[in-house]
**Student:** 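Questions regarding the structure given below will be posed in turn.
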Amino acid sequence: MTEQIAELSVEHAAPAGRARPRSVLFVHGMWGGAWYLRNYLYAAAQAGWDAWAVDLRGHGGSPVPGGLGRVGLLDYVTDVRRCLDRLGETVLVGHSMGGLIAQKVAEGGGIAAAILITSAPPRGLSALRWPVLSRMARYAPAMLADRPFGVSRRHADALFLNGLTREQRDWAFPRFGLESGRVARELALGGLAVDAAAVRCPTLVLGAEHDRITPAALQRRIAARYRADYREAAGRAHMLMLEDGWEGPCNEILSWMEQAIRER
């Protein structure tokens, strides 16, 4: 079911059976939307969580007054905080760029727990590796001019769809949309500064063995920064929630969530 929170489009799956004491909010990455988090969204609901997945402004069904190209990372942080104004103290799950958004939101408190899946790093931990750097020239004009832009199929296949079958890539790629040039530039220049000492909620970082865009070595450094629990999904890549066998990492996340909330 699609609902609206403060003009944002948010997919909602009500809990099956007895509801858990907290909601869970999923936050997508670049060019994405709530659509690619549905496997995890519905699995969480079946496990008793009141589950939500937001389309950040300019993505999916969420409007973007003033145009997408000039939107910055802090605008996405505001979007998530507006959702939390409605949902209350929530488990926040961010993927890729959404993981960095979750880190910044958690810095402000009011989060029951944070889960960072193949996450973009905070300022001070570089995510740029040769596979990304070698492909950036194509997008530099849009990034410098604050224009929205899409990713090419060839680059998507190489960088973040590499864990999917050809048929899965054919299904997924057309569903990705445009991204803000300003957001891409901010990420390339170091992302957001996050005060690690101010992130006090239980935190889990999930890396993936074959992730080419936010590799497992980077995820381990993010976990160390926050003194977070760390798990690594063997044989998985960046879009592990769409890959065959997605249930394995998802169940591990759900088990960690249950324990984290029980211990609070």
Side-chain angles (χ1 to χ4, degrees), residues 1-29 32-57 59-60 62 73-117 119-120 122 192 194-196 198-206 222 226 228-229 241 249-264:
M1 177 186 299
T2 301
E3 300 187 22
Q4 278 196 327
I5 298 178
E7 299 182 353
L8 296 167
S9 176
V10 186
E11 294 199 15
H12 181 209
R18 184 178 178 182
R20 298 184 182 273
R22 298 287 186 272
S23 297
V24 56
L25 175 65
F26 294 89
V27 185
H28 63 80
W35 63 270
Y36 78 69
L37 292 161
R38 286 174 187 149
N39 284 338
Y40 283 15
L41 177 79
Y42 293 120
Q46 286 300 308
W49 298 89
D50 189 33
W52 304 76
V54 62
D55 283 328
L56 299 169
R57 67 182 71 185
H59 299 75
S62 293
L73 286 168
L74 287 177
D75 294 313
Y76 293 156
V77 172
T78 297
D79 289 344
V80 173
R81 286 179 172 154
R82 291 165 78 190
C83 292
L84 297 180
D85 287 342
R86 159 89 174 269
L87 301 178
E89 190 179 68
T90 296
V91 177
L92 192 56
V93 183
H95 171 251
S96 195
M97 176 189 72
L100 177 57
I101 303 306
Q103 293 167 52
K104 190 64 178 177
V105 173
E107 178 189 54
I111 303 300
I115 299 167
L116 316 176
I117 304 173
S119 177
L192 293 172
V194 180
D195 179 2
V199 178
R200 301 186 180 93
C201 63
T203 302
L204 171 68
V205 177
L206 179 65
I222 294 172
Y226 297 114
D229 293 335
M241 63 287 298
C250 182
N251 289 336
E252 190 158 8
I253 289 169
L254 293 174
S255 295
W256 184 90
M257 286 166 52
E258 181 179 1
Q259 181 177 346
I261 295 303
R262 187 189 308 126
E263 292 176 353
R264 280 180 67 82

**Student:** Please find the pair of heavy atoms, one from Val205 and one from Ala228, that lie closest to each other, and give the distance.
**Tutor:** CG2-CB, 4.0 Å
**Student:** Which class fits the ring pair Trp52 and His12: parallel under 30°, tilted 30 to 60°, perpendicular over 60°?
**Tutor:** parallel
**Student:** Kindly write out the residues that satisfy salt bridge (charged side-chain N to carboxylate O under 4.0 Å, His left out) with Arg38, not counting sequence neighbours, or none if the list is empty.
**Tutor:** Glu11
**Student:** To the nearest 0.5 Å, how far apart are CD1 in Ile253 and CG in Leu206?
**Tutor:** 5.0 Å
**Student:** Return the minimal non-hydrogen interatomic distance between Pro21 and Ile261, and the atom names on each side.
**Tutor:** CG-CG2, 3.9 Å
**Student:** Check whether Asp55 reaches the backbone of Gly33 with its side chain - one donor and one acceptor, N or O, closer than 3.5 Å.
**Tutor:** no
**Student:** Minimum heavy-atom separation for Ser119 and Ile222, please, with both atom names.
**Tutor:** O-CD1, 3.6 Å
**Student:** Just checking Tyr40 against His95, ring centres under 6.0 Å apart?
**Tutor:** no
**Student:** Would you compute the distance between atom CG of Leu56 and atom OG of Ser9 and round it to the nearest 0.5 angstrom?
**Tutor:** 11.0 Å
**Student:** Atom NZ in Lys104, atom OG1 in Thr78: separation rounded to 0.5 Å?
**Tutor:** 11.0 Å
**Student:** What's the shortest heavy-atom distance between Ala106 and Val199, and which atoms?
**Tutor:** CB-CG1, 4.0 Å
**Student:** Over all heavy atoms of both residues, which pair between Val24 and Ala44 is shortest? Give the atoms and the distance, please.
**Tutor:** CG1-CB, 4.1 Å
**Student:** Identify the heavy atoms of Leu41 and Ala53 that sit nearest to each other, and give their distance.
**Tutor:** CD1-N, 3.8 Å
**Student:** Is the backbone N or O of Asp195 less than 3.5 Å from a side-chain atom of Glu107, with the two atoms forming a donor-acceptor pair by type?
**Tutor:** yes
**Student:** Once rounded to the nearest 0.5 Å, what's the spacing between atom CD of Gln259 and atom CG of Leu204?
**Tutor:** 10.5 Å
**Student:** Measuring from atom CG of Leu25 to atom CD1 of Ile115, what distance do you get when rounded to the nearest 0.5 angstrom?
**Tutor:** 11.5 Å
**Student:** Is there side-chain contact between Asn39 and Cys250, with at least one heavy-atom pair below 4.5 Å?
**Tutor:** no
**Student:** Between atom CH2 of Trp49 and atom CD of Glu258, what is the distance when rounded to the nearest 0.5 Å?
**Tutor:** 7.5 Å
**Student:** Heavy-atom distance under 4.5 Å between the side chains of Met97 and Val27, does that happen here?
**Tutor:** no
**Student:** Does any N or O in the side chain of Thr90 come within less than 3.5 Å of the main-chain N or O of Gly88, such that one atom is a donor and the other an acceptor?
**Tutor:** yes
**Student:** Do Val93 and Leu37 have side chains that approach each other closer than 4.5 Å (heavy atoms only, starting at C-beta)?
**Tutor:** no
**Student:** For Glu252, what residues pass the salt bridge (charged side-chain N to carboxylate O under 4.0 Å, His left out) criterion, not counting sequence neighbours?
**Tutor:** Arg231
**Student:** Run Phe26 and Met241 through side chain to side chain contact (heavy atoms under 4.5 Å, CB included) and show every step you take.
**Tutor:** CA-CA 12 Å; Phe26 294 89; Met241 63 287 298; over 6 Å; no
**Student:** So with a 6.0 Å cut-off around CD of Glu7, is the heavy-atom count from everything else above 12?
**Tutor:** no
**Student:** Sequence neighbours excluded, which residues qualify as salt bridge (charged side-chain N to carboxylate O under 4.0 Å, His left out) partners of Asp79?
**Tutor:** Arg57, Arg82
